[in-house]
Amino acid sequence: MGLPKTHRLKKRQDYRAVYEQGIRRYSPHLTLITLDRNHNQELNDIPEIKVGISISKKVSKKAVIRNRIKRQIRSAIMVNWQLIAPGAQIVIVVKPKAIKCKYEHFLRELEELLK
RNA sequence: AGAGUCAGCGAGGUGGUUGCAGAUUUGUCCUAGAGGCAGAUUUGAGGAAAGUCCGGACUCCCGAAAGACCAGACUUGCUGGGUAAUUCCCAGUGCGAGCGAUCGCGAGGAUAGUGCCACAGAAAAAUACCGCCAAUUUAAAAGGAUGAGGGCGAAAGGAUCAGGUCGGAGGAUAAUUAUUUCCUCAAUCCUUAUCCCUCAUAAUUCAUCCCUUGAUUUGGUAAGGGUGCAAAGGUGCGGUAAGAGCGCACCAGCAGUAUCGAGAGGUACUGGCUCGGUAAACCCCGGUCGGGAGCAAGGUCGGAGGAAUUAUGGUUGGUCUUUUUCCGAUUCCGAUUUAAGGAGAACCGCAAGAGGUGUUUGGCAACAGACAUCCUAGAUAGAUAACUGCCCUCAACUCAAACUUGUUUUGAUGCGAGAACAGAAUCCGGCUUACGUCCUAACUCUCUCU
């Protein structure tokens with residue numbers, strides 16, 4: 001299950017904003033950073049949920065493995081989509097230990113983090 | 001049949017559902033856009049996409065006006081060919097490895113010159129330390145050589161071997177001595193062409209032949225001397241006082257001539273005999289060369305800020321001159337224009353190319369030409385995945401059988417597995433490295449049969 005482009009965090013500024021102002025929550029293999037934006041009720045302007053995944057070369061030097069972990073996390077997010085607050089901007093940082101994790105691990109940890 | 005060598009192809013196939021990205025297209029929405037939403041069709045990783053080690057295309061900047069010479073830089077360096085180009089490829093040469101198919105090689109010059117060669121060794125590019133030989137002087141008398149026999153408590157070589165205590169021999173130290181402390185040596189067997197068998201020893205000899213031996217000085221010699229990467233061609237025979245390419249044969253090397261070849265080189269003959277290594281030391285010869293940065297190149301659009309204009313833009317904008325108004329000046333906001341350009345990684349560059357496939361011509365080949373045909377990823381926090389039907393395969397797993405009881409062979413089936421290395425980032429050509437398995441073609445060696 002993939003994540004459409006409109007729900008992806010793309011720009012460098014957005015990442016910086018989330019890193020500087022977001023709330024951090026930790027699990028053994030992941031770090032979740034959330035930023036709730038104040039949306040204007042009068043204009044009825046609810047921004048999209050945006051999710052970004054950060055995985056460094058420290059996790060693995062091989063691009064195949066990094067891409068696979070990204071896909072698994074994206075899929076896990078789509079499963080837990082209802083738990084995310086509307087308009088939130090989320091960055092998920094993958095820790096180096098996560099190289100041994102399977103899909104079920106990510107699913108469980110994300111469920112815990114998003115509660 | 002077995003064991004190998006080498007080249008090439010592929011990286012399970014074909015459908016379905018869901019999802020992601022691109023392209024085309026339809027509908028719809030509005031804020032009318034590089035727009036959102038929904039649908040349809042279609043496309044979507046590799047042989048190495050990797051390492052970024054080379055070579056180019058392409059783009060911009062600097063320089064120059066394209067030629068010659070000098071200087072400089074680089075090192076691509078056996079020959080010939082191929083290519084856009086190369087450190088690549090093909091065909092050969094030489095050397096090395098292999099019975100062979102075949103494989104490997106940074107492969108110009110050390111006889112252009114300069115330098116360096118640690119340690120060891122007598123000596124590191126011509127030196128005479130030892131040795132050998134001749135002669136001179138002097139001293140000594142009985143030795144030397146060969147053969148037979150003997151010795152293995154000495155010496156050399158080899159093999160094997162655990163430690164402690166007492167005692168022994170030699171040495172050192174302190175000390176008047178007694179004695180103290182420390183170190184070394186002595187194990188067994190075998191072999192010997194060396195050594196030893198007159199010196200009183202382990203061995204307690206014999207035969208034949210010769211005339212010498214020590215020292216000093218002078219000269220000859222490059223055969224021998226444990227070293228070293230390397231000792232001034234190698235082996236053998238002759239020769240000599242002793243020696244020496246001094247002479248001869250074969251081999252290695254060098255030079256010349258002839259001949260074959262396009263060339264690297266090959267072959268034959270002749271000659272004087274003959275000169276280590278290092279060029280990834282400087283260097284010589286040959287070859288190549290505008291320099292630099294790299295798609296985050298570069299271009300387009302261009303926000304903010306800047307400049308200029310605005311008699312009639314401002315329901316009376318603010319401030320100043322003026323009692324107030326008008327008028328004027330200045331400033332702010334807005335509008336218009338504009339040079340430059342840095343935000344926005346927006347758009348282009350960016351997917352038709354030194355392209356692929358097939359046939360054919362030339363060429364041993366790399367490759368080149370002609371004709372036909374095909375269009376085949378384009379993301380940018382970066383798309384390829386998940387599940388599943390059928391077919392195919394069976395390395396591992398499971399099950400069964402066989403005897404040669406094994407990491408064996410054969411077979412079967414599947415609620416099993418389909419894997420290894422690994423993910424495009426401007427694009428090509430190479431190289432290198434990683435990689436489970438399968439298939440095809442050619443060739444070599446060994447064995448068996450005809």
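In what follows, chains carry the letters A, B, and so on, assigned in the order in which the sequence lines appear, proteins first and then strands, with residues in each chain numbered from 1. Note that the coordinates shown come from a computational prediction; the quantities given were computed from them, not determined experimentally.
- Within the 4.0 Å cut-off from OP1 or OP2 of B:rG382, at least one side-chain nitrogen or oxygen of A:R74 is found.
- Taking atom C1' in both B:rC399 and B:rC415, one finds a spacing of 16 Å when rounded to whole Å.
- Separation of the C1' atoms belonging to B:rC445 and B:rG414 is 44 Å when rounded to the nearest angstrom.
- Base orientation of B:rG247: anti, since the glycosidic angle falls outside 90° of 0.
- Spacing between B:rA244 and B:rG233 at atom P, rounded to whole Å, works out to 13 Å.
- With a cut-off of 3.5 Å on both Watson-Crick or G-U wobble distances, the partner of B:rA207 is given as B:rU146.
- A:R71 has its CZ atom 16 Å from the C1' atom of B:rA381, to the nearest Å.
- As a whole-Å value, the separation of A:R68 CZ from B:rA422 C1' is 11 Å.
- The side chain of A:N67 lies closest to B:rG423, out of B:rG423, B:rA385, B:rG382.
- Using N1 to N3 plus N6-O4 or O6-N4 for Watson-Crick, or N1-O2 and O6-N3 for G-U wobble, each under 3.5 Å, B:rA7 pairs with B:rU440.
- Residues passing the side-chain contact (heavy atoms from CB on, under 4.5 Å) test with A:Q72 are A:R68, A:Y103, A:F106, sequence neighbours excluded.
- B:rA124 and B:rG143 have their C1' atoms separated by 44 Å, with the value rounded to a whole Å.
- Only the P atoms considered, B:rC117 is 15 Å distant from B:rA126, to the nearest whole Å.
- Looking only at side-chain heavy atoms (C-beta outward), A:K70 and A:I55 come within less than 4.5 Å of each other.
- Base pairing of B:rA370 is made with B:rU359, judged by Watson-Crick or G-U wobble geometry with both donor-acceptor distances under 3.5 Å.
- Residues A:G52 and A:I65 both approach RNA chain B. Their nearest nucleotides, taken by heavy-atom distance, put A:G52 toward the 5′ side.
- Distance check, rounded to the nearest 0.5 Å: CD1 of A:I90 to CD1 of A:I23 gives 11.0 Å.
- In this structure, CZ of A:R66 is placed 13 Å from P of B:rA422, rounded to the nearest angstrom.
- Comparing the P positions of B:rG8 and B:rC284 gives an interatomic distance of 45 Å, to the nearest angstrom.
- Across all strands shown, B:rU278 forms a Watson-Crick or G-U wobble pair, both distances under 3.5 Å, with B:rG115.
- Between the P atom of B:rG19 and the CD1 atom of A:I73 lies a distance of 22 Å, rounded to the nearest Å.
- Spacing between B:rA386 and B:rG4 at atom P, rounded to whole Å, works out to 40 Å.
- Across all strands shown, B:rG271 forms a Watson-Crick or G-U wobble pair with B:rC254, both key distances being under 3.5 Å.
- Nucleotide B:rG15 forms a Watson-Crick or G-U wobble pair with B:rU388, both donor-acceptor distances falling under 3.5 Å.
- Across all strands shown, B:rC199 remains unpaired; no Watson-Crick or G-U wobble contact has both distances below 3.5 Å.
- Note that CD1 of A:I69 is 10.5 Å distant from CD1 of A:I53, once rounded to the nearest 0.5 Å.
- For A:K95, the side-chain contact (heavy atoms from CB on, under 4.5 Å) partners two or more places apart in sequence, or in a different chain, are A:Y26, A:T31.
- Going from the P atom of B:rC103 to that of B:rG276 covers 37 Å, rounded to whole Å.
- B:rA419: no Watson-Crick or G-U partner with both key distances under 3.5 Å is found in any strand.
- B:rG108 adopts an anti glycosidic conformation, its chi angle falling more than 90° from 0.
- Note that the CD1 atom of A:I92 and the CZ atom of A:R25 stand 12.5 Å from one another [nearest 0.5 Å].
- Glycosidic conformation, B:rU376: syn, with the torsion inside 90° of 0.
- Once rounded to the nearest 0.5 Å, the distance linking OG of A:S54 with CG of A:L30 reads 11.5 Å.
- Glycosidic conformation of B:rA45 is syn; the angle stays within 90° of 0.
- Spacing between atom NZ of A:K70 and atom P of B:rA21 amounts to 15 Å, rounded to whole angstrom units.
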